[in-house]
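Order of the sequence lines sets the chain letters (A, B, ...), proteins ahead of strands, with each chain counted from 1. Side-chain atoms are counted along with the backbone in the values below, which use heavy atoms only and exclude waters and symmetry mates.
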Amino acid sequence: MFSEPGINRSSMLDGLNAEQERAVTSTEGPVLVVAGPGSGKTRVLAHRVAYMIAERGVQPWHILAVTFTNKAAREMRERLERLIGPEQARKLTAGTFHSTCAKILRRDGHLIGIDPRFTIYDDGDQIDAVRQSLKALNLDPKQYGPRPILSRISKAKSQFIGPERFAEQTESYFEEIAARVYEQYQQILKRNRALDFDDLLGEALRLFEEQPDALRRYQEWYRYVLVDEYQDTNRVQYLLVKALTSEHRNLCVVGDPDQSIYGWRQADIRNILDFKRDFPEAAEVHLEMNYRSTSSIVEAADHVIRANTQRIQRRLRTENPPGDRIVIRESYDEGDEAQFVVSEIRRLARSGRYQFRDAAVMYRTNAQSRSIEEAFVRSEIPYQIIGSTRFYERAEIKDAMAILRLIANPSDTASLQRLIRNTRLGKGIGAKTMSQIDHWSYLTGQPAFVALAALDGRSHLAPPEVGSRAAKLLADVHATIARLHEESTRTHPSELFDRAVEMTGFAEQFRDTGDPELLDRWDNVLQLRNVLTSYDILPESEALQTFLEESALIADADTMDESGNQVTLITLHAAKGLEFPVVFLVGAEEGILPHARSMENDAQLEEERRLFYVGVTRTKERLYITHAFRRTVFGTPDVTVRSRFVDAIPKSLIESVNARPAARSALSNSGKPAAAAISRPVPVFKVGDRVFHDRFGDGRVAGVKPVSGDQEVTIDFKRHGQKRLLASLANLKLG
DNA sequence: TGGTTATTTGTTTTT
DNA sequence: CAAATAACCA
């Protein structure tokens, strides 16, 4: 039974320490909460909202809680349900910046000329738009990579700098180019009635600036605003929050500068300083007691982060027992590393102390998940990968989504192009025809769909010049989509989907085929359809729109499944905010963590250190840090150097360093090979020896270097060139 | 036009 | 190594 409202005071503040209580009860006016890892931040946030509602009589719909992921929003609501009941909890607004802004723009965007049917462009769509812009400007995409240009545009947008202002303040030739692309890019988005991720925030801010009445309405509505993960907000997000709260000034921000890991996404640490400037009356609360981790882990984390100079020095505290030591393990290569992780997890599971679900493997780059995943597949231990192989990035899903997006917003030319390229409906319409349409769009400023309408005799505009055969086909496309679009407001999404995949001939390409791969893909499409059915209960007029919006704005972390008993594989970035009893931090090597591309300056390096720190502090009990002697990156194997971050951990907290089981026994005394090493005998090599390797084949020893109880041999392989290998691990045979 | 193969290019991190 | 693009042929 849930507690009734009017709850006694103690239950809201029950079990909170003095600082936590202060964070919960300072409900009026601005508050800055600096919350260290594991300091009960999530709990405090939920209790604060509950307290406001139950004790201070604040109406739940007057509260806006902005979280970093939808999952965090969901968790907040769930906690709240337990505290004040589902009735009240449901009335709270909780969501990410992006989803909140999207909703605001659907409702009020028309005031600043935004079509409420707008499509949200994801990363891939954005790149396409940049490519198109380059083409329209006759610039060579080889010379100016779309990726760097897009990131420059995104950076400008995150600072609320529009194309005009950006063009005025360019500082290099590259920026000149970017400025021209930026302008063109915006035109393309506008023409397609599309907004990219940055626009969702930027346009919402523009709405607030240009329409004071609308802003006042939202200010009146959201009288209390909470922002979680404040250290990762950018300029525009700050300005949004500031605008929203400038009247009532009830703003509570929660963050931890030591966990700021999104600088590259224009998260601006100045937001904390500016908060104090713009809200000088703000109360400040520091949560420093760690309730999550063993003291070994807390101490290790503290030693790591201490090396950052751009930092308010403070120390982490815990009253937890020391627990297990941290295991640091050197593997031979990524395969061996993965194998170690798997067998260690199995060992822990067998011991009965942990389940699979208690463990997570964390890495710097998605690419690293490959070797780990292979080991899991072989071991038959259940696992889930967060991000990486994203469902919505599969070709067949993108195709199906394009159809749905097009139905919702026929002006979305990117989706139209996809449909024409990949379905029977577009068969016979080639690149030449499409570029004619493109040109027409450029001249008229109208989306491609209008060109199709003109060819179908449904527009007063003069149709583009295309071949008569193509004209007929395009008119057909127009008729089909127009019909589906018209039906969409009175048809359940799943039914609409069924009609759409038939009418476009999309379903057809998967049918009557024994090809197991095709069957597999169709299975994915059906999975998508299954997701759609859950939107059938919504009113037909908005169901499709809601689905598209939610699927565009899901974060990787949102897809985490906590119901099954499986190991989680996740990037360090996505792991922010999570915790696990057992954590494997893999690939702790220079060039990976810190990443090679983040070693140029101190600011970047310190962010990498924070990332490592985030990984360490996710751990409740057992932390493993692994690095490999040799790693194949890019198809080229290379000898690695252990990450400097590992070396910052005091030896007293470490259980074993450089555990190379076979290595120690390889050379027992005076360089003579041990008769029986634990696993296999390792020969002693000298220059000139002929050897055989399982993968590299025949070779000749070119050099030998003794390393702690082992040999590092350099070998010229006949087929694979020169390699450096560790004798004890390479399994070389004397030939 | 469309599908195939050869070459080439590149991997941070993500709403 | 493998995904993505370019050249190539049908």
Side-chain angles (χ1 to χ4, degrees), chain A residues 66-73 95-102 120-127 131 141-142 145-148 150-151 154 157-158 195-202 229 232-234 236-237 260-267 334 362-371 374 386-390 392-393 395 420-422 426-435 467 469-470 473 549-559 570-576 587 591-600 604 607-608 610-612 614-615 631-637 695:
Chain A
V66 184
T67 55
F68 201 67
T69 62
N70 297 300
K71 179 167 169 280
T96 63
F97 268 107
H98 289 88
S99 68
T100 307
C101 288
I120 298 169
Y121 268 16
D122 67 18
D123 190 61
D125 301 322
Q126 293 181 54
I127 288 292
R131 282 225 178 82
K142 290 290 236 192
R147 179 63 58 186
L150 177 62
S151 85
S154 172
K157 286 190 178 187
S158 315
L195 300 180
D196 64 23
F197 289 130
D198 297 313
D199 286 339
L200 292 176
L201 309 173
E229 305 287 5
D232 287 323
T233 54
N234 67 28
V236 171
Q237 289 168 327
S260 159
I261 54 175
Y262 282 98
W264 52 276
R265 222 170 69 183
Q266 315 316 317
E334 57 275 329
M362 301 182 187
Y363 35 82
R364 174 68 235 262
T365 68
N366 281 305
Q368 289 170 260
S369 69
R370 183 180 289 265
S371 54
E374 280 169 14
I386 309 302
S388 164
T389 167
R390 279 174 234 176
Y392 285 94
E393 278 178 20
I420 288 175
R421 283 175 62 95
N422 300 329
K427 204 131 192 106
I429 305 167
K432 193 160 153 244
T433 307
M434 287 316 285
S435 76
R469 185 172 152 66
L473 292 167
E549 185 159 311
E550 287 181 5
S551 55
L553 297 177
I554 41 158
D556 284 339
D558 296 334
T559 64
I570 192 168
T571 63
L572 285 162
H573 280 93
K576 190 182 67 166
I592 292 185
L593 185 57
H595 196 275
R597 290 174 70 155
S598 299
M599 287 164 71
E600 290 153 29
Q604 287 182 340
E607 181 153 312
E608 294 289 305
R610 291 194 290 271
L611 199 51
F612 187 87
V614 165
R631 186 176 297 272
T632 304
V633 139
F634 240 176
T636 347
R695 255 184 61 206

- Within the structure shown, what part of the strands sits under 4.0 Å from A:Thr69 by heavy-atom distance: base, sugar-phosphate, or nothing? nothing
- Message: Taking any heavy-atom pair under 4.0 Å as a contact, classify A:Phe97: base, sugar-phosphate, or nothing.
- Response: nothing
- Quickly work out the A:Ile127 CD1 to B:dT11 P distance and round it to whole Å. 10 Å
- Task: Identify the heavy atoms of A:Glu608 and A:Ile592 that sit nearest to each other, and give their distance.
- Result: OE1-O, 4.3 Å
- Message: I need the CG-C1' distance between A:Leu593 and B:dT11, as an integer number of Å.
- Response: 15 Å
- Task: Return the value, rounded to whole Å, for the distance between atom CD of A:Gln266 and atom P of B:dT15.
- Result: 16 Å
- Query: Tell me: CG of A:Asn422 to P of B:dG2, nearest whole Å?
  - Reply: 11 Å
- Task: Round to a whole Å and report the spacing from CG of A:Asp198 to P of B:dT14.
- Result: 16 Å
- Item | d(CG, A:Leu553; C1', B:dT14) in whole Å | 12 Å
- Query: Between A:Ser99 and B:dT15, does any side-chain N or O lie under 4.0 Å from OP1 or OP2?
  - Reply: no
- Task: Compare side-chain N and O positions of A:Arg131 against OP1 and OP2 of C:dT5 and report whether any pair is under 4.0 Å apart.
- Result: yes
- What's the closest nucleotide to the A:Phe197 side chain, out of C:dT5, B:dT15, B:dG3? B:dT15
- A:Thr69 to A:Thr96 - nearest heavy-atom pair and separation: C-CG2, 3.5 Å
- Message: Looking at A:Tyr121 and A:Phe197, would you say the former's side chain and the latter's main chain have a donor-acceptor pair under 3.5 Å?
- Response: no
- Note on the structure: With the side chain defined as heavy atoms from C-beta on, A:Phe634 is closest, among C:dT5, B:dG3, B:dG10, to B:dG10
- Task: Give a yes/no on whether any side-chain N or O of A:Thr433 is located under 4.0 angstrom from OP1 or OP2 of B:dT1.
- Result: yes
- From the options B:dT13, B:dG10, B:dT15, select the nucleotide whose nearest atom is closest to the side chain of A:His98. B:dT15
- Task: Tell me which nucleotide among B:dT14, B:dT13, B:dT11 gets nearest to the side chain of A:Thr365.
- Result: B:dT13
- Length of the CZ-C1' vector between A:Arg597 and B:dT14, whole Å: 15 Å
- Task: Looking at every strand, decide which applies to A:Ser158 at a 4.0 Å heavy-atom threshold: base, sugar-phosphate, or nothing.
- Result: nothing
- Hey, which of these two, A:Gly426 or A:Leu611, hits DNA chain B nearer its 5' end, going by closest nucleotide? A:Gly426
- Rounded to whole Å, the NZ-P distance (A:Lys157 to B:dT14) equals 21 Å
- Would you kindly compare A:Lys432 and A:Ala574 by the position of their nearest DNA chain B nucleotide and give the one closer to the 5′ end? A:Lys432
- Look at A:Asp123 together with A:Arg147 and state whether they make a salt bridge at an N to O cut-off of under 4.0 Å. yes
- Message: Using a 4.0 Å heavy-atom cut-off, does A:Arg370 contact any base of the nucleic acid, only the sugar-phosphate backbone, or nothing at all?
- Response: sugar-phosphate
- Main-chain N/O of A:Asp196 paired to A:Gln126 side chain as donor or acceptor, under 3.5 Å: no
- Parallel, tilted or perpendicular: which describes the rings of A:His573 and A:Trp264, with under 30° parallel and over 60° perpendicular? perpendicular
- Looking only at side-chain N and O atoms, does A:Asn366 come under 4.0 Å of OP1 or OP2 in B:dT11? no
